[in-house]
Amino acid sequence: MWEILILLILSALAYKITDGLIPNLKDLFVKAGLYGVDLCKTNKDKIPEAIGVVSGCVFLVTSFLYIPIVFGNGLMDRQHFPHNEFAELLAGLLSICCMLLLGFADDVLDLRWRYKLLLPTVASLPLLVVYYVNFNSTTFVVPIQLRYWLGVSVNIGFLYYIYMGMLAVFCTNAINILAGINGLEVGQSVIIALSIIVFDIIELRGDQFKAHIFALYILIPYVATTLALLKHNWYPSKVFVGDTFCYVSGMTFAVVAILSHFSKTVLLFFLPQIINFLYSVPQLFHIIPCPRHRLPKYSAETDLLTASRTIIAKKDFTFLTKFILQVLTILRLVDKIEDKESVTINNMTVINLFLIKLGPQSEAQLTKKLLCFQVFCTCIAFVIRYPLASYFYDK
Ligand code: UD1
Ligand code: MG
């Protein structure tokens, strides 16, 4: 356990370094043209963008420094060096590193959505290769209720690799589309990471303890550097984190989920992101028009946020548009204003849904409520994972 203690000390240092670097480097980002305007404020100051690259680099360097500590015994006794575990850690860090590079390229070049789907797929390849070499287990355990038809487990073969690739794409983009108000991207990532850490600590006594220690090696420095970023990104944001941060975070969670073999549990911690993704599908696939920004609308008079909207011309209605609108209206999930020629609805994000249900909110209040929702979903995830799981799976 002394390795974890050293990791905690290194991570505390990483926090301090990230916290000091961000204010020192932010002018360089503005000078390089990497800045954005806060769309929920009256002032139009240049806010440095893509600062996730700073916390991401410190996170990776901390993890690199930690390698000789984790494998210290193996380095002394090279005949028994754990090559498999070493390859896993290196492949995981390589995937995160790739994502940092590709995410930064996205922030600089503002890539199109199709590339946003391609980048995590490419970056997850080292991970999938090491999974193939070390485990190559492609079976799913079937819930007790379905075993009569499917048997105890189902081997889905190559499809399992597609599932893992898609997990990386989902984790990265799901955080990126639940974004747009100060502190939300970073806040949700911290809560997800802490939830996985709590799960790892609970499971340390189980027979999979090695996999859970591996997850802790990656997540502890991640949380430390991300907390420092949150300090500067919290309302009112002095820096924006950029897509770099969302990609690094998503890939970090995907690495942990895949290499520690608990992808279903990690997905449980992504409940708000899954809801936001499903709700966003009609706009993401352009069945309903999707503006460049779907973040809430700011009113300078009241200093409050209200749901932002999109207009659908009635002449562009398809059967699918009508059907989706009808279902969402019945479920009371859209705020619809109709006139002769068009229908105006809220942009379909959980952020806007909160504003419709709770009324106009200040930005800080809204972020806090959304983060409370994330914590609430973590509690649900633990209930599903522990008391309820024994109903579906053998202990
Ligand atoms: C995603 C969302 C988009 C949302 C944007 C906000 C989808 C399909 N895309 O796009 O709807 O508007 O994230 O990040 O759902 N910004 C703020 N305040 C913040 C954070 C960001 O005003 O707290 C603005 C700034 O102008 C910043 C810009 O958003 O420059 C960053 O947007 P970017 O991350 O490039 O947008 P996408 O990830 O493409
Ligand atoms: Mg973004």
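Note that this is a predicted model, so its numbers are computed, not measured. Indexing begins at 1, ligand by ligand and atom by atom, following the structure's order.
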> Does the Asp45 side chain pair with the main chain of Ile47, one donor and one acceptor, at a distance under 3.5 Å?
no
> Using a heavy-atom cut-off of under 4.0 Å, does the side chain or the backbone of Ile181 touch ligand 1, or both, or neither?
backbone
> Against the six-membered ring of Phe317, is Lys322 placed for a cation-pi contact (under 6.0 Å from the centre, within 45° of the normal)?
no
> List ligand 1 atoms under 4.0 Å from Gly36, heavy atoms only on the residue side.
30 (O)
> I need the atoms of ligand 1 closer than 4.0 Å to a non-hydrogen atom of Val37, numbered in the order shown.
22 (O), 25 (C), 26 (O)
> Which option out of His293, Gln283, Arg292, Glu49 puts a heavy atom nearest to atom 35 (O) of ligand 1?
Arg292
> Taking atom 3 (C) of ligand 1 as the point of reference, which of Glu363, Arg294, Met348 owns the nearest heavy atom?
Arg294
> Looking only at protein heavy atoms, identify the closest one to atom 22 (O) of ligand 1 and say how far it is in Å.
Leu39 N, 2.8 Å
> Using a 4.0 Å cutoff against the non-hydrogen atoms of Trp113, which atoms of ligand 1 qualify?
8 (C), 9 (N)
> So that I can check it, does any N, O or S atom in Asp243 come closer than 2.8 Å to the Mg ion (ligand 2)?
yes
> Check whether any heavy atom of Leu284 sits under 4.0 Å from an atom of ligand 1.
yes
> Assess whether a salt bridge exists between Asp339 and Lys314, defined as any Lys/Arg side-chain N lying under 4.0 Å from an Asp/Glu carboxylate O.
no
> With a cut-off of 4.0 Å, which atoms of ligand 1 are near a heavy atom of Asn176?
1 (C), 13 (O), 38 (O)
> Do Arg292 and Asp110 sit within salt-bridge range, that is, some charged N less than 4.0 Å from a carboxylate O?
yes
> Would one find an N or O of Asp243, backbone or side chain, under 3.5 Å from an N or O of ligand 1?
yes
> Look at atom 23 (O) of ligand 1 and say which protein heavy atom is nearest, naming residue and atom and giving the distance to 0.1 Å.
Asn182 ND2, 2.9 Å
> Verify the ring-centre separation between Phe29 and Tyr35: is it less than 6.0 angstrom?
no
> Just go through Pro291, Gly180, Cys40, Gly183 and tell me whose heavy atom is the nearest to atom 14 (O) of ligand 1.
Gly180
> Could you tell me whether the side chain of Asn352 and the main chain of Ser308 form a donor-acceptor pair under 3.5 Å?
yes
> Under 4.0 Å between a Lys/Arg side-chain N and an Asp/Glu carboxylate O for Lys44 and Asp38?
no
> Between Tyr163 and Phe140 (judged by ring centroids, cut-off 6.0 Å), do the two rings come close enough to count as a pair?
yes
> Should Ile380 and Ile274 be regarded as members of a common hydrophobic cluster, given that ILVMFWY residues are connected when their side-chain heavy atoms come within less than 4.5 Å of each other, either directly or indirectly?
yes
> Measure centre to centre between the rings of Phe158 and Tyr132, then say whether the value is under 6.0 Å.
no
> Report yes if Phe240 has an N/O atom closer than 3.5 Å to an N/O atom of ligand 1; otherwise report no.
no
> Examine ligand 1 and decide if any of its atoms is less than 4.0 Å from a heavy atom belonging to Tyr35.
no
> Report, in ascending order of atom number, the atoms of ligand 1 lying under 4.0 Å from any heavy atom of Asp38.
17 (C), 18 (N), 22 (O)
